[in-house]
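Some notes on the structure that comes next.
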Amino acid sequence: MKEINAVTLKFLSRSANEGFARASAAAFAAQLDPTLDELGDIKTAVSEAVTNCIVHAYPDSIGVITMKMRIFEDNSLEITVKDSGVGIPDIEQALTPLFTTGGDDRSGMGFTIMDSFMDKLKVKSVQGRGTSVTMRRRISVRAGRK
Amino acid sequence: MKVSANFDNKTLYLYPIGELDHHGAKKAMVTIESRIDLSLPRECILDMRHVTFMDSSGIAVILKTMRLVNEAGGRLTVENVPAQAMRVIDAAGIDRIVQISALTKE
Ligand SMILES: Nc1ncnc2c1ncn2[C@@H]1O[C@H](COP(=O)(O)OP(=O)(O)OP(=O)(O)O)[C@@H](O)[C@H]1O
Ligand SMILES: [Mg+2]
């Protein structure tokens, strides 16, 4: 699949950057002329992935989060959110709805939301090395566009 | 995140204002907890009309608020939920345990 555009952002795992990451993803995705609902879904999925880095990957420290976004010629958007944090020991368990290691500040629904709001979700992780989450969403081409 | 509140006729109204993500939830929960402690409401309405964004951190806020209100002997209702937040609530399936209604635009 031919890549049309790409951008990579690096930022610290501070919770103030959750809004920054969402706004950046929305600004980049705007090239695909998404509907408000599609934009909402993308922002929500990005918020989940970035929050996981802040809360789980770097629990007691500040680390670097890399967010890479790409647009392909089939009008799809791919977003990869990567950290160099603690990693996930059991990915299948982590993807299970309601599973959380975060206590009552968390609901264990982040991955479930990413999975249902995006077309594809791929999680890679090495314990002690970090995690990368790749999500893809095709934006519908609307009649009367451009 | 700011949460404005008012207590009227044994009902506590809570209005979170802005983006209810992990960053906002930390602050919002402090206000919500102290307002519930202070008023021990029979009814608590979490009115979401001013929430411009919500993710799973908001789900945890709703569930925690419900627990605190229940512990104080009251009942929680979530009202005027905007479309984006409603999609998150639907995905999480918490409408089975909390009474929730959507924001309807006139
Ligand atoms: N980047 C990450 N690094 C390390 N562990 C992670 C990471 N992302 C997720 N996890 C682990 O996977 C679990 C499930 O993540 P998920 O986002 O589904 O739920 P949560 O973050 O616990 O709660 P919620 O997202 O509803 O606030 C987390 O509790 C955590 O143990
Ligand atoms: Mg999460």
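So you know, we letter chains A, B, ... as the sequences are listed, proteins then strands, and number each from 1. Source: prediction; values computed, not measured.
- Counting all heavy atoms, side chain and backbone alike, Ala29(A) lies closest to Leu39(A) at CB-CD1, 4.2 Å.
- Minimum interatomic distance between Gly24(B) and Met1(B) (heavy atoms only, all atoms of both residues): O-CB, 3.4 Å.
- With a 6.0 Å radius and a threshold of 12 heavy atoms from other residues, nucleotides or ligands, Arg136(A) has its CZ atom above the threshold.
- The contact list for residues 44-53 of chain A toward chain B, using heavy atoms and a distance under 4.5 Å, reads Thr44(A), Ser47(A), Glu48(A), Thr51(A) by residue number.
- Residues Lys68(A) and Thr8(A) bring no donor and acceptor atom of their side chains to less than 3.5 Å of each other.
- For Met69(A) against Ala25(A), the heavy-atom pair with the smallest separation is SD-CA, 3.6 Å.
- The two residues Phe72(A) and Ile4(A) come nearest to each other via the heavy atoms C-CG1, 3.6 Å.
- Side-chain contact check for Ser57(B) and Asp55(B): at least one donor-acceptor pair (N or O, by modelled atom type) lies under 3.5 Å.
- Heavy atoms closer than 4.5 Å to chain B are found nowhere in Asn17(A), neither backbone nor side chain.
- Of residues 120-128 of chain A, not one residue has a non-hydrogen atom less than 4.5 Å from any non-hydrogen atom of chain B.
- If you measure heavy-atom distances from Arg22(A) to chain B, the contacts under 4.5 Å come from the side chain alone.
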Check the pair Ile88(A) / Phe111(A) against side chain to side chain contact (heavy atoms under 4.5 Å, CB included), numbers first and verdict last.
-> CA-CA 13 Å; Ile88(A) 302 175; Phe111(A) 279 132; 4.2 Å; yes
Using side chain to side chain contact (heavy atoms under 4.5 Å, CB included), reason through Arg137(A) and Glu38(A) one step at a time and then give a plain yes or no.
CA-CA 9 Å; Arg137(A) 171 82 187 248; Glu38(A) 287 168 334; 3.4 Å; yes
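- Here the shortest heavy-atom pairing between Leu76(B) and Val69(B) reads N-CG1, 4.0 Å.
- Here the closest heavy-atom approach between residue His56(A) and residue Val86(A) is recorded as O-CG2, 3.4 Å.
- The closest side-chain donor-acceptor pair between Thr80(A) and Thr134(A) falls under 3.5 angstrom.
- In this structure, Leu36(A) places its CG atom where only 12 or fewer heavy-atom neighbours from other residues, nucleotides or ligands lie under 6.0 Å away.
- No hydrogens or angles considered: a donor-acceptor pair under 3.5 Å links the side chains of Ser15(A) and Lys26(B).
- In summary, the side chains of Ser76(A) and Asp74(A) do present a donor paired with an acceptor at a separation below 3.5 Å, with no hydrogens or angles considered.
- Of all residues spanning residues 90-110 of chain A, those with a heavy atom less than 4.5 Å away from chain B's heavy atoms are Asp104(A), Asp105(A), Arg106(A), Ser107(A), Met109(A), Gly110(A), arranged by number.
- For Ile54(A), the part sitting under 4.5 Å from any heavy atom of chain B is the side chain, from C-beta outward, and nothing else.
- Residues from residues 30-50 of chain B never place a non-hydrogen atom less than 4.5 Å from a non-hydrogen atom of chain A.
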